[in-house]
Amino acid sequence: MQRCRGGRHLHTPASRVRAARGAAARDLGGMSVFKVLVKEEIAPKFHRFVVEAPEIARKHRPGQFVMVLPGEEGERIPLTIAASDPHAGTITLVVQEVGKTTMSMGEMAVGEGFVSVVGPLGTPTHIEKFGTVVCVGGGAGIAPMLPIAGGLKKAGNTVLSILGGRTQELVILRDEMAAVSNEIFYTTDDGSFGRKGLVTHALGDLIKERGKPALVVAIGPAIMMKAVAELTRTLEIPTLASLNSIMVDGTGMCGACRITVDGKTKFVCVDGPEFDAHKVDFDLLIKRLRMYLPEEQVARERFMAAHECRATAGVSGG
Amino acid sequence: MKVPRHPMVTQEPLARIRNFAEVALGYSVEFALEEAQRCLQCANPPCVKGCPVGIDIPAFVDLIRKGDFEGSLAKIKETNTLPAICGRVCPQEEQCEVVCVMAKKYQPVAIGRLERFVADWERDRGLSSTPQLAPPTPHKVAVVGSGPAGLACAAELARFGHKVTIFEALHKPGGVLVYGIPEFRLPKAIVRFEIENLTRMGVELRGNFVIGRTATVHELLNGHGYDAVFLGTGAGLPYFLGIPGENYIGVLSANEFLTRVNLMKAYDFPRTDTPVRTGRRVAVVGSGNVAMDCLRTAKRLGAEEVICVYRRTRNESPARREELEHAEEEQIDFRWLSAPLAILGNDEGFVTGMRIQRMELGEPDASGRRRPVPIEGSEYEIAIDTAVIAIGQGPNPLATQSTPGLDLNRHGNIVVNEQTMMTSIPGVFAGGDIVTGAATVILAMGAGKQAALGIQEWLGSLARGEVAKPQPAV
């Protein structure tokens, strides 16, 4: 992948976009199809999709997400927008294969389309010049961090990024994040790349060395965001977390995504997805994310039985 | 005259609780012809006044009596573009049938069933009829929301010759008709058929488009070049009880429960991808039509015990009698005068039970209904695996909060001129649940129709240069 220079868009060669773009979004009984223009595997079980969605590309702000329904009988899932290009009319999604829906997306081909992509949803990140901001991204959470870090950098902040993953290849979008960071640090669980350990270890040391930043933004697995929040709470550093609850419609209609923030019920889809990490009840979020684990297992096994599946080890549910 | 009202044939309760097929099977031709005979053809028919969209009821019933089913349907479609839907879900017993002269001595004419009969008769024969359209005008109107209000408004506007685009946030059109009302009460194929009629009238449908996010109302008027906007975004914000334990896993809003099952077809999981889980015991809080839909859906999903928890009595229940009776036939356990105090759960965060307080009726409250008051020391607990909260919905704020200059009342509903249905923003109109709070399909349709007349008037003024479209707010 080519390196992005300073913009908030992942670079996509225009020729590839043109080649994949046939007619405009096809009509399906009055409803359109959102065409996949580019698809590539950027890490094991991570795919980057460039999707034709001109209206969403025009309106997207950092921190916002879309609801994606891959097929007619599919499931609507929230995916944070990793980049957008209003001129090309495209958005970029980075998808990790964890369940049946994301695994089936992994098998899609360029030129095919999603039945539904709705957005941009959620409240955009509040971006201003804070001073020094530390962006902590873990696993699939690095993708939504990209436009936020880009926005913060553009607003004149000093952006220090800490990216973590289980192994080197799971620390995704390193070049893109480096382009929007003043400095960047890496951690891996197995020590295969950067520092061995968790992002919180790196964050703790960074704060010791450089002093307290004006803001910490954490996006990643709920357990990671909880650990970051616990660390920064004692140090009284304002911290934002972008939450990844289960959603059905994504527009405030169903309440499946509700969580507790400062003792009050909030809807992640419309009140969030970003919240003051010190006020989020992460234990409740972690529990609620487990709601459909047995069904997710059934769907995954059914999918794998029906398809020749590639390596399946080490994928956690969610 | 003394011929009794013809009953509706329904699926047997024990059979129907194992499927999602429609419960009420409709009239045969024979039944319809006989039922139509019962109409007195009043010179000054009270039923027409009882209908929120003013269908010429005696005329369409008379055409049925004469065997002219096509003509009868055309007569209905002069004022109502969605007869197969209204014939099924309108509360006729509170509208046209309650004032039927026959009801004074006998039983009212089965107006709703006859309306449904002619609509089904057309559809079963693969026919479709669209009303006469006026010559095309240069005007473009955006209709926001494809529920009953939006569909009715769009149909009227198309008939006036305007270019209409309906914007829908979900991936299928129909709003509450698709995500909310279950298949066994309103088959989705019927909704699809009625909406296809609209597209045949030239109405354009754009799904996956959230007004307030994908584009704002002001952008529709300016960037997108629409001359008027109708907001029919409905009541899409679920209310919760505000009692302890409401965020336990297994506590769902009625919207979530019904959307999973109806729109996302969770009843067919794992063939479809969206799951829903009821467990053995389900409690539904509330007793309106939506609560009835949740109770009966839970039963069909295989729950063994389905319990309705409502703090008033059957008499105060806002559900249609027919829905209540169907639910009772389906062995729903109604706990009247029961108020939930707390939802109980385990360490893993799953719901395990509900603490309930028994109530008794006291003095009438502001709504005129006797206020339920707690009986001291009457608390008890029930074991449940799922709780569905069906106590109503508020206005969804996505469209309203992104529209500066739009006046709202203290509940967040849009304030409109009751004659024209125009909001505080010139050229922007609203109707349905977003204005009134949660109500019925037919009231929303009536409001959509009325707004179309207001829009027609506005477009005339606009064409004459008497008014101008508002400029975008900064």
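The chains referred to below are lettered A, B, ... by the order of the sequence lines, with proteins before strands, and numbering in each begins at 1.
- Taking A:Ala299, A:Gly250, A:Ala256, A:Ala53 one by one and counting their heavy-atom pairs under 4.5 Å with chain B, the maximum is reached by A:Ala256.
- A distance of 9.5 Å separates OG1 in B:Thr274 from CD in A:Glu73, rounded to the nearest 0.5 Å.
- In terms of heavy-atom pairs under 4.5 Å with chain A, the best-connected choice from B:Ile195, B:Ile249, B:Thr272, B:Val276 is B:Ile249.
- Once rounded to the nearest 0.5 Å, the distance linking CG of B:Asn346 with NZ of A:Lys287 reads 8.5 Å.
- Annotation: the span from A:Arg76 atom CZ to B:Thr259 atom OG1 amounts to 9.0 Å, rounded to 0.5 Å.
- Per-residue heavy-atom pair counts under 4.5 Å with chain A were compared for B:Glu204, B:Arg192, B:Met264, and the maximum is reached by B:Met264.
- A donor-acceptor pair is defined here as one N or O able to donate and one able to accept, closer than 3.5 Å; no such pair exists between the side chain of B:Asn255 and the backbone of A:Gly255.
- Of the listed residues (B:Phe350, B:Tyr179, B:Phe209, B:Phe257), the one with the most heavy-atom contacts under 4.5 Å to chain A is B:Tyr179.
- Taken to the nearest 0.5 Å, the CZ atom of B:Arg213 stands 7.0 Å off from the CG atom of A:Leu121.
- Within the 4.5 angstrom heavy-atom criterion, only side-chain atoms of A:Arg302, from C-beta onward, approach chain B.
- Side-chain contact check for A:Phe267 versus B:Pro238: some heavy-atom pair is nearer than 4.5 Å.
- Of the inter-residue distances, the one linking B:Ser253 atom OG with A:Met253 atom CE reads 8.0 Å to the nearest 0.5 angstrom.
- With a 4.5 Å cut-off on non-hydrogen atoms, A:Leu285 does not touch chain B at all.
- Contact of B:Tyr248 with chain A is made through the backbone alone, with heavy-atom distances under 4.5 Å.
- With contacts defined as side-chain heavy-atom distances shorter than 4.5 Å, the pair A:Val117/B:Asn208 does not qualify.
- Chain A forms more heavy-atom pairs under 4.5 Å with one residue of B:Lys265, B:Glu246, B:Arg260, B:Glu219 than with any other, namely B:Arg260.
- Under the 4.5 Å side-chain criterion, counting only non-hydrogen atoms from C-beta, B:Pro275 is not in contact with A:Met291.
- The contact between B:Asn247 and chain A is made by backbone and side chain atoms together, counting heavy-atom distances below 4.5 Å.
- Residue with the most contacts toward chain B among A:Lys59, A:Arg290, A:Met67: A:Lys59 (heavy-atom pairs, distance under 4.5 Å).
- Atom CD in B:Glu256 sits 5.0 Å away from atom SG in A:Cys254 (nearest 0.5 Å).
- Looking at B:Val203, neither its backbone nor its side chain comes within 4.5 Å of chain A, counting heavy atoms on both sides.
- Checked by atom type and distance alone, the side chain of B:Thr214 pairs as donor or acceptor with a backbone atom of A:Gly119 at under 3.5 Å.
- Of the listed residues (A:Thr265, A:Asp281, A:Ile56), the one with the most heavy-atom contacts under 4.5 Å to chain B is A:Thr265.
- Annotation: maximal heavy-atom pairing with chain B below 4.5 Å, among A:Gln64, A:Glu75, A:Lys100, A:Arg258, occurs at A:Arg258.
- Interface remark: B:Glu196 contributes no atoms to any contact with chain A (heavy atom separation under 4.5 Å).
- Counting heavy atoms from C-beta outward, B:Asp273 and A:Glu295 have side chains that stay 4.5 Å or more apart.
- Note on A:Asp249, A:Asp283, A:Thr251: by heavy-atom pairs under 4.5 Å with chain B, the leading option is A:Thr251.
- When heavy atoms are compared at a cutoff of 4.5 Å, B:Leu237 approaches chain A by way of both its backbone and its side chain.
- Counting heavy atoms from C-beta on, the side chains of B:Arg206 and A:Glu55 come closer than 4.5 Å.
- For A:Ile259, the part lying under 4.5 angstrom from a heavy atom of chain B is the backbone only.
- Of all non-hydrogen atoms in A:Gly252 and B:Asn396, the two that sit nearest each other are C-ND2, 4.2 Å.
- Around the NZ atom of B:Lys140, the shell of radius 6.0 Å holds more than 12 heavy atoms that belong to other residues, nucleotides or ligands.
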